[in-house]
2 protein chains.
Amino acid sequence: MSEAKTVESRPYHHGDLRRALVDAARRLLEAEGPSALSLRAVAREAGVSPAAPYHHFKDKAELLDAVAQEGWDILDTQMMEAKRDADGPHQLTALGIAYVCFARDNPALYRVMYDAARDKEMLPDDVQKNEDSAYCQVRNTMIAQGANPANETHLELATIAAWCAAHGLAEMAGFKQFEHLKEELGGERQFLEAVLEHVGLFTSAHREC
Amino acid sequence: MSEAKTVESRPYHHGDLRRALVDAARRLLEAEGPSALSLRAVAREAGVSPAAPYHHFKDKAELLDAVAQEGWDILDTQMMEAKRDADGPHQLTALGIAYVCFARDNPALYRVMYDAARDKEMLPDDVQKNEDSAYCQVRNTMIAQGANPANETHLELATIAAWCAAHGLAEMAGFKQFEHLKEELGGERQFLEAVLEHVGLFTSAHREC
DNA sequence: TTCATATCTGAGCGCTGTACAGATATCTTG
DNA sequence: CAAGATATCTGTACAGCGCTCAGATATGAA
């Protein structure tokens, strides 16, 4: 309470508690990691009572869904930028690298995103519906690089294969077992590129992360 | 208490509480899913007080580590069998399919395995040390299929790439988004094979799951 | 100005992981 | 076989969790 910001749209008491809660959650997530992300801690961080969030989210999972959605949006944006900055034949790898780098730079957020997905056994709906989504960007880039858009099934399988490889690498690139390889190859980026190159769907690229 | 089984090795009061706790955990995991796997529930299932587990495990994470270790052992065995039952050129895909099928058939256990890995930011040590581990089986199979064992780095990168793709597919194969593809391709197995084939490192195989 | 409604608080329930003192069973030593 | 050391297990307790609900409070509509 107290610090009611002078925003023009202040629907009710707090201003926009829903927004404030999601922001508080992301702050906590970055500072303390996923295990510290309790509903009560988020409420505390936002300066409200433990019961307040329940007027904006049905339960904890729904709050985390909102946090995860922001993660997907950021991922979409970063991949769009990566694709824009790469030339044609290197765009697919640029997308792959951007994906893995997003996970590396936002490990807690990435985990929240996939914890929600695993619980629901599905990715967010608009991953396949929104044409600007990371998923659709990969699909469209495959078409641009010569895949036959008419063979819908083949195209989708290739997209899924690339997505799976990128997700696996995103989750495991930070594992201690692979540190010696990063040193040997002269850096993390070289390691990521080398692994993606072995996947076959990707080709070598020259774009900083 | 009470039902002291007539085992020859009964070190102390319970018999082998450590063993009983891990078994209870796996029973709970299968019956109720990962979210029901509380230390207290495990103790309850094993018929002991909530504090009893602390004489065998430092904390909850250490109990889950023991559960996860059993998962890795089972995975090793199943992949060994899959490799044995496949002819040379199809062994790598057979390993990949076996990996994904293990995750499909033991989703809760697979999740415990990788939750622990993500927390520690590493796979279990013997994944790379034990020559019979799933990881080493993949590596050795790549050698058998023509990879140059002298080029250690290249070999390791290819193994990691295959592992990442398999892990990504293992986590996402059950997602609702891909159900229509499974139908279209005539079954889950066809879908899994098709995706792995797109990864490039794998080739088509003919082995039931 | 009055009233309905959306928002937030405070207290409370049953659950969790973990700590600790005390009881009990087993192993070891004489 | 007796006695003390030690490992094992119980009971109780504490703080924190997700979530519920009755009641207080601020807002928008009449």
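Because the structure is predicted, anything quoted here is derived from the model rather than measured. The sequence lines fix the lettering, A, B, ..., with proteins before strands; numbering per chain opens at 1.
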Distance only, no hydrogens: is a donor on one side chain within 3.5 Å (strictly under) of an acceptor on the other, for A:D73 and A:Q69?
yes
When you measure from the side-chain N and O atoms of A:H56 to the phosphate of C:dC8, is any distance below 4.0 Å, counting only OP1 and OP2?
yes
Could you check how far CZ of B:R19 sits from C1' of D:dT8, rounded to whole Å?
19 Å
Roughly, in whole Å, what's the span from CG in B:L17 to C1' in D:dT10?
12 Å
Per nearest nucleotide of DNA chain D, the residue lying toward the 5' end, B:A52 or A:H55, is B:A52
Would you say A:H56 has more than 12 foreign heavy atoms packed within less than 6.0 Å of its NE2?
yes
Partner of B:W72 under ring pair (Phe, Tyr, Trp, His ring centres under 6.0 Å), chosen from B:Y135, B:Y99, B:Y110, B:Y114:
B:Y114
One thing to verify: whether B:D119 and A:R111 come together as a salt bridge, which I'm taking to mean a side-chain N less than 4.0 angstrom from a carboxylate O.
yes
Provide, to the nearest angstrom, the distance between the CZ atom belonging to B:F57 and the P atom belonging to C:dA19.
16 Å
Short side-chain to backbone donor-acceptor contact, B:E188 and B:K182, under 3.5 Å:
no
Hey, what are the protein-to-nucleotides 15-18 of chain C N/O distances that come in under 3.5 Å?
from	atom 1	to	atom 2	distance (Å)
C:dT16	OP1	B:S38	OG	2.9
C:dT16	OP2	B:R44	NH2	2.7
C:dG17	OP1	B:L39	N	2.7
C:dG17	OP1	B:K60	NZ	3.2
C:dG17	OP2	B:L39	N	3.0
C:dG17	OP2	B:R40	N	3.0
C:dG17	N7	B:R40	NH1	2.5
C:dG17	O6	B:R40	NH1	2.7
C:dT18	OP2	B:Y54	OH	3.0
C:dT18	OP2	B:K60	N	2.9
C:dT18	O5'	B:Y54	OH	3.1
C:dT18	O4	B:R40	NH1	3.1

Do other residues, nucleotides or ligands put more than 12 heavy atoms under 6.0 Å from the CD atom of A:E184?
yes
